[in-house]
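For reference, the structure discussed in these notes is given below.
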Amino acid sequence: MSAIVLGVVAALGTVAGLFLGMPAAGFVLWPITRAVCRWAGVVIDPHDEGDPVMQLEGSLAAGLGMALGVGVTVLLVGSATLVPRPWLAGLGSGTVAGVTFGWLWRYGYERESVVPHLVLTAALAGVTAALLCE
């Protein structure tokens, strides 16, 4: 039963990753991206969605933010409900969610909806958390 609960929590954690984790990761990555590009002499245009540097930074922020949101949500709820191995479930589901969503984020630049990508990420994160907590 705890595996099902933690799987649902991981799936719902994608919402936290989308609205809390991604802005936090972007807030941290943007100054780093600017500094590295300034040091390397690369000119970036933050208003151009076709800029490859901005696309890479966006995908990294999406992946890191989703990993942060899902991982922390699973860890907190798993620890509060005394689920066995909440660290493993949080780390595994956060990693799967981050890699999946970061990789799928590049399709957002082609004007596709983010909803199917979010649903796929939620399903994979939920299954991973459920498998790793038992």
Check for a donor-acceptor pair, side chain of Thr14 on one end and backbone N or O of Ala11 on the other, with a separation under 3.5 Å. yes

pair Trp105-Met22: side-chain heavy atoms closer than 4.5 Å: yes

In the single-linkage hydrophobic clustering (I, L, V, M, F, W, Y; side-chain heavy atoms under 4.5 Å), do Trp103 and Val119 co-cluster? no

Taking every non-hydrogen atom, the tightest pair across Ala16 and Thr73: CB-OG1, 3.8 Å

For the student: nearest non-hydrogen atoms of Ala130 and Ala3, plus distance: CB-O, 3.4 Å

So Leu6 and Val74, do their side chains get closer than 4.5 Å, heavy atoms only? yes

Search all heavy atoms of Val53 against all heavy atoms of Cys37 and return the closest pair with its distance. CG1-SG, 3.7 Å

With a 4.5 Å heavy-atom cut-off, do Leu18 and Phe101 have their side chains touching? yes

Looking only at non-hydrogen atoms, find the nearest pair between Thr95 and Leu91 and report the distance. OG1-O, 2.7 Å

Surrounding CH2 of Trp87 (heavy atoms of other residues, nucleotides or ligands, distance under 6.0 Å), is the total greater than 12? no

Can you find a heavy atom in the side chain of Cys133 that is under 4.5 Å from one in the side chain of Leu88? no

Is the closest side-chain heavy-atom distance between Leu120 and Leu104 below 4.5 Å? yes

Could you state whether Val70 and Val114 fall into the same hydrophobic cluster, counting links through intermediate Ile, Leu, Val, Met, Phe, Trp or Tyr residues with side-chain heavy atoms under 4.5 angstrom apart? yes

CG of Leu60 to CG of Leu29: how many Å apart, nearest 0.5 Å? 6.0 Å

Scanning both residues in full, the closest heavy-atom pair of Val96 with Ala125 reads CG1-N, 4.4 Å

Should Met54 and Val42 be counted in the same cluster of Ile, Leu, Val, Met, Phe, Trp and Tyr side chains packed under 4.5 Å apart? yes

In sequence, state the C-alpha distance, the side-chain angles, and the governing distance for Thr121 and Met66, and then conclude on side-chain contact (heavy atoms from CB on, under 4.5 Å). CA-CA 9 Å; Thr121 302; Met66 190 59 68; 4.0 Å; yes

Does any part of the side chain of Arg34, heavy atoms only, come nearer than 4.5 Å to the side chain of Ile44, both counted from C-beta? yes

From Arg38 atom CZ to Thr33 atom OG1, the distance as rounded to the nearest 0.5 Å: 11.5 Å

Closest non-hydrogen atom pair between Ala129 and Ala89, with its separation: O-CB, 3.9 Å

